[in-house]
Number of protein chains: 2
Amino acid sequence: MTVPQPLTADFFDPACPSRALPIRGGEKWSWKIMRCLEAGPRRFSELKVPLRGITPKVLAESLRALERDGVLTRTAYDENPPRVEYELTPLGRSLFGPMDAACAWAREHLDHLLAAREAYEQSSERSDG
Amino acid sequence: MTVPQPLTADFFDPACPSRALPIRGGEKWSWKIMRCLEAGPRRFSELKVPLRGITPKVLAESLRALERDGVLTRTAYDENPPRVEYELTPLGRSLFGPMDAACAWAREHLDHLLAAREAYEQSSERSDG
DNA sequence: CAGCATCCCCGTCGATACTG
DNA sequence: CAGTATCGACGGGGATGCTG
């Protein structure tokens, strides 16, 4: 069970699942955008409101990346004023599974985590001065 | 069900679970390090081997961050030559749950994802090129 | 309204060299 | 062996202004 494995790591495989996740934590806005689309299609400006502080440039970039990965669709209506709607695909919705798992973990262990962080700060203050 | 929600997003809460995850995708090596420790404690140099290409600086930084979050422990033995061992905590091991969920998703939808990407490239080549 | 263009900041990551 | 120090590359993200 705890016997050392050969450490053959498949994560160097370009097709490694961990590389394929459309939602990487480093991408600050992806989760938030998806949550804002969870209840149904939204327009560009409708997304800007709940995503307080996001700039149009970053929102456009993020949406394009998610569209590229087939997580959402972009539909432009030829109207005036222009209207564009973003909507999750089934593939996108399937991401809520792992996302919820991650959030559940965080909810459950948040206290523990913050305590560990604080304890670490305390112990390093002594040496840092 | 698909009725638009107020879009009250709790992810602006500093205590939002999504913010608390010790493993953010942007941190390139975190998952890999944890996988390398899954089977049991490992020394610094034992980690460098499977994590091909990681520099000692980055490995040290990453380990420190994970230690700070209580995900692993660092144990230095006062020997010569020096020996330091890293080992997952129960908290760290509990992360494999959500990690596996994410990997399972990726494994299941990788084909779909790559196809979407390719299709996107195709359709944008016409306008770009 | 729905973006794009431009410039800049900063954190992660990497390469290299050095130390207790 | 197990790191630290320094420098630099790179990319996400932000601020501001402009356009169809």
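Letters A, B, ... mirror the listed sequences (proteins, then strands); counts begin at 1.
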Can you find a side chain N or O atom of B:Ser45 that sits less than 4.0 Å from OP1 or OP2 on D:dA2? yes

### Query
Does A:Arg43 make a side-chain N or O approach to OP1 or OP2 of C:dA2 shorter than 4.0 Å?
yes

Grab the [atom1]-[atom2] distance between [X] and [N] for me, whole Å please.
X	N	atom1	atom2	result
A:Arg83	D:dG20	CZ	C1'	18 Å
A:Arg42	C:dC1	CZ	P	16 Å
B:Phe44	C:dT19	CZ	C1'	14 Å
B:Ile54	C:dT12	CD1	P	14 Å
B:Leu59	C:dT12	CG	P	16 Å
B:Lys48	D:dT4	NZ	P	12 Å
A:Glu67	C:dA2	CD	P	15 Å
B:Glu85	D:dC1	CD	P	14 Å

B/S/- along nucleotides 4-11 of chain C (protein heavy atoms under 4.0 Å) is BBBB----

With five pairs defining each end axis, the helix from C:dC1-D:dG20 to C:dG20-D:dC1 comes out bent, to 10°, by 50°

request  = Please check if atom CD in B:Glu79 has more than 12 non-hydrogen atoms from other residues, nucleotides or ligands closer than 6.0 Å.
outcome  = yes

I'd like to know if [X] and [Y] make a salt bridge, using a cut-off of under 4.0 Å between side-chain N and carboxylate O.
X	Y	result
A:Asp100	A:Arg35	yes
B:Arg83	B:Glu85	yes
B:Arg68	A:Glu121	yes
B:Glu67	B:Arg64	no
B:Arg117	B:Asp111	no

NE2 of B:His112 to CG of A:Asp69, rounded to nearest 0.5 Å, is 10.5 Å

Heavy-atom side-chain contact between A:Tyr86 and A:Leu66 under 4.5 Å
no

- Task: Give A:Tyr77 one of three labels, base, sugar-phosphate or nothing, depending on what nucleic acid heavy atoms sit under 4.0 Å from its own.
- Result: nothing

With the side chain defined as heavy atoms from C-beta on, A:Pro82 is closest, among C:dC13, D:dA2, C:dC1, to C:dC1

Closest non-hydrogen atoms of A:Cys36 and A:Leu51, given as atom of the first, atom of the second and distance, are SG-CD2, 4.0 Å

